[in-house]
Amino acid sequence: MGLLVSRVLRCRDSSLLEPQPEAIAGASYIPGSRKRKRNSLEELATSSNVHGPQNQGMYPHQVLNYIYWKRVKISSNDAYQNLFLDGHDSDIKIRALGRTWCLHKVFLCQSGYFANILKGTWRESHQGVINLIIKNEDIDTRSLHFVFGALYTDADLSITPLEVPQVLAAACLLRVDRVIQQCEGIMKETINRNTVCSYYLAAETYRLKAVKTRCFEWLLCNLMVHPSVALYKKVDLKLMYLLALSSDLLVMQKEIDVYTTLKIWMFLYLNPCWNGTMKQLLQHANNWLSTHMAYVDNISFLESEEGLIFQPVFKKLRFQHIIWDLTSTTILEQDRLIPMAWLSPIYKQQWLTLLRTQEYGVIGPQVINEQELEECTMRCGTMIPKDGRYTWKWSVGRLGFPLRVTFTRQCVILRQRCQRCDGSACHNHIRNVIFRITLVCFDSNKRVTFRKTTGYKILTFEYNEEQIVMKLDSDALTFPMCIFCNFLFVNLGNAENK
């Protein structure tokens, strides 16, 4: 209880608690006069308003003693029960959202919001009721009750993760730092697919930068690796825009799979009542889009009235890494989701890039500019289910060269494995590539337990050459594991990368 009282007294505002000169001179305040102080408290006990004109000069600790003088050994739990829940000795009422709380000014002064209000109430005002008009829809009576109650106890009150955004909103309104810190701590420890989007929005609204960063990083790691209908329904337009833009998005398979993710997300955004599994989702999204486009002529879905709001998100797709694959290009054409006005310049530019590469023997990028790479690299990734040796190939059609990736428990190896053929750009003996390799392991709660990256680097390959790009500590690895890569095979000066 001593800690609680100390915290109440420390939080007082100097203008709020400053005694008036005549009160200091009063006989009842002589140090060491315990009998006269007791008499003063007994006199106060008969008063209907301890903050009335006759007591304007009282110190807050004397008011606190008045409340507690028969409960010297009261515990923090008793204060919460007797004073807050039961409302004993209340000297002020707070009305908000159709409910009334019987509270105490000495506890309310811990709130920065009420401390300012009570500057006038403490000395001059006879008002015993404060009406709060709350326009923030995130704040409800439950969250207000929690924050008021937290002022009466040293211990952190119990709160579920799903309640945290509302409590945070109330704590920020009332400026109760201890509750804000409690919410921040809970949010950092309980990020999952059910909470991440609401936490992100709350952290952005109330400027909890560390929480916002953790939520965004969680989404970058899990959006495609651990897809979920429930998660996709909660991602709003602005957040999906930022995710689609980022080169740190962990992409499973290739860029066309980012397109597929955006397509099913858009379907759920427009059909929030749809219920089904992830296995069913893509087929339902394709059927819905096909049915919709059957009644539309000459324009794509994103050019329709219903699709306009999604244009900024889909514009962040890296189409230059999609159209080199015939199957992927066919999907774009058949869906009629993307405007042809977006695709035609990319078809032209990529064809010209291919011709220049063949004609002039371009060896690839030679300068790393990470800011420019953020919107240019090819994003790809795969799952490594168990320990072993794995080899696969990622390439950019005839523009780049077939680059084989080999994973072992000891290292990751890149190898230029060219097959010379007429008309191919692959026949150069020397080629440059910018790459970044990232390894990630997750626990059962989808939290990252291991992460290692090379950062962006440039490698120069001769024909059929292999190079170790990452050495691994086999003892630190757990499976399944994901490996993600960012590649750039052409110069950033080329228009297709902008």
Side-chain angles (χ1 to χ4, degrees), residues 11 94-99 101 108 110-117 130-151 156-223 228 230-246 248-249 262 265-266 268-269 272 309-310 312-313 316 446-447:
C11 76
I94 307 297
R95 291 176 179 168
L97 302 176
R99 180 172 175 176
W101 286 266
L108 284 180
Q110 297 172 86
S111 158
Y113 179 88
F114 284 110
N116 288 331
I117 292 178
I130 296 178
N131 294 302
L132 293 182
I133 299 175
I134 297 177
K135 298 181 179 180
N136 188 339
E137 295 180 356
D138 292 333
I139 300 175
D140 55 16
T141 57
R142 186 178 180 88
S143 58
L144 279 177
H145 186 81
F146 181 96
V147 176
F148 287 144
L151 301 176
D156 288 339
L157 299 177
S158 177
I159 177 175
T160 65
L162 294 179
E163 294 174 321
V164 168
Q166 289 73 35
V167 171
L168 176 63
C172 288
L173 171 68
L174 301 181
R175 307 212 307 268
V176 181
D177 292 340
R178 188 167 66 94
V179 177
I180 294 173
Q181 292 168 6
Q182 180 187 358
C183 290
E184 184 174 13
I186 294 173
M187 293 164 83
K188 288 179 179 178
E189 297 299 322
T190 58
I191 297 173
N192 56 52
R193 69 184 185 185
N194 296 319
T195 62
V196 64
C197 292
S198 61
Y199 283 1
Y200 180 88
L201 179 59
E204 182 177 49
T205 302
Y206 303 110
R207 301 180 181 179
L208 300 183
K209 185 176 180 180
V211 174
K212 179 181 175 181
T213 299
R214 287 198 188 189
C215 289
F216 192 69
E217 289 175 349
W218 189 96
L219 285 165
L220 289 172
C221 291
N222 287 276
L223 186 74
S228 161
L231 174 61
Y232 288 172
K233 284 184 177 182
K234 295 174 183 177
V235 180
D236 64 19
L237 282 160
K238 179 182 177 181
L239 184 51
M240 187 59 84
Y241 169 89
L242 295 174
L243 292 168
L245 170 66
S246 177
D248 294 325
L249 178 65
L262 295 186
W265 162 78
M266 182 186 70
L268 291 172
Y269 191 97
I309 61 171
F310 301 102
V313 178
K316 294 307 167 186
K446 314 297 188 295
R447 289 179 297 193

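- Using modelled atom types, no side-chain atom of Ser143 and backbone atom of Ile139 make a donor-acceptor pair closer than 3.5 Å.
- Other residues, nucleotides and ligands contribute over 12 non-hydrogen atoms within 6.0 Å of the CZ atom of Arg99.
- Atoms CD1 and OG1, on Ile186 and Thr160 in that order, are 8.5 Å from each other to the nearest 0.5 Å.
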Could you walk me through whether Cys197 and Leu231 pass side-chain contact (heavy atoms from CB on, under 4.5 Å), step by step? CA-CA 8 Å; Cys197 292; Leu231 174 61; 4.2 Å; yes
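- Taking each heavy atom of Ala210 and Glu184 in turn, the nearest pair found is CB-OE2, 4.3 Å.
- One N or O on the side chain of Thr195 and one on the backbone of Thr190 form a donor-acceptor pair closer than 3.5 Å.
- The CG atom of Leu97 sits 5.5 Å away from the CG atom of Leu144 when rounded to the nearest 0.5 Å.
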Begin from the C-alpha positions of Arg214 and Val211 and carry the test side-chain contact (heavy atoms from CB on, under 4.5 Å) through to its verdict. CA-CA 5 Å; Arg214 287 198 188 189; Val211 174; 5.8 Å; no
Given Val179 and Phe146, is the side-chain contact (heavy atoms from CB on, under 4.5 Å) satisfied, shown in steps? CA-CA 9 Å; Val179 177; Phe146 181 96; 4.0 Å; yes
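- Contact check for Arg95 versus Leu132: no side-chain heavy atoms found under the 4.5 Å cut-off.
- A pairwise comparison of heavy atoms in Leu219 and Leu243 identifies CB-CD2, 3.8 Å as the closest pair.
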Begin from the C-alpha positions of Glu204 and Lys238 and carry the test salt bridge (charged side-chain N to carboxylate O under 4.0 Å, His left out) through to its verdict. CA-CA 12 Å; Glu204 182 177 49; Lys238 179 182 177 181; 3.0 Å; yes
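- A distance of 11.5 Å separates OG1 of Thr141 from CD of Gln166, quoted to the nearest 0.5 Å.
- For Val235 against Trp265, the heavy-atom pair with the smallest separation is O-NE1, 2.9 Å.
- No side-chain heavy atom of Val196 sits less than 4.5 Å from a side-chain heavy atom of Asn222.
- Atom-to-atom distance recorded for Ile180:CD1 and Leu208:CG is 7.5 Å, nearest 0.5 angstrom.
- Lys316 places no side-chain N or O within 3.5 Å of a backbone atom of Tyr241 that could act as its donor or acceptor partner.
- In this pair, Tyr269 and Phe310 present their aromatic rings perpendicular. The plane angle is above 60°, beyond the 30 to 60° band.
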Leu173 and Asn136: CA distance, side-chain angles, deciding distance, side-chain contact (heavy atoms from CB on, under 4.5 Å) verdict: CA-CA 9 Å; Leu173 171 68; Asn136 188 339; over 6 Å; no
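- Side-chain contact check for Lys234 versus Leu239: every heavy-atom pair is 4.5 Å or farther apart.
- For Leu151 against Arg178, the heavy-atom pair with the smallest separation is N-NH2, 4.4 Å.
- Looking at every heavy atom in both residues, Ile309 comes nearest to Leu237 through O-CD2, 3.8 Å.
- Atom CG of Leu168 is separated from atom OH of Tyr206 by 6.5 Å, given to the nearest 0.5 angstrom.
- Side-chain atoms of Tyr232 come within 3.5 Å of backbone atoms of Leu223 as a donor-acceptor pair (strictly under, hydrogens ignored).
- To the nearest 0.5 Å, the span separating CG on Leu108 from CD1 on Ile130 amounts to 7.0 Å.
- Ring geometry for Phe114 against Phe148 counts as tilted: the plane angle lies between 30° and 60°, on a 0 to 90° scale.
- Using a 4.5 Å cut-off on side-chain heavy atoms (C-beta onward), Leu262 and Met240 make contact.
- Glu163 has its side chain within reach of Arg142: a pair of non-hydrogen atoms, C-beta onward, lies under 4.5 Å apart.
- In this structure a side-chain-to-backbone donor-acceptor pair under 3.5 Å is present from Tyr199 to Pro161.
- Leu157 and Ala150 make their closest contact through CD1-N, 3.6 Å (heavy atoms, listed as atom of the first residue, atom of the second, distance).
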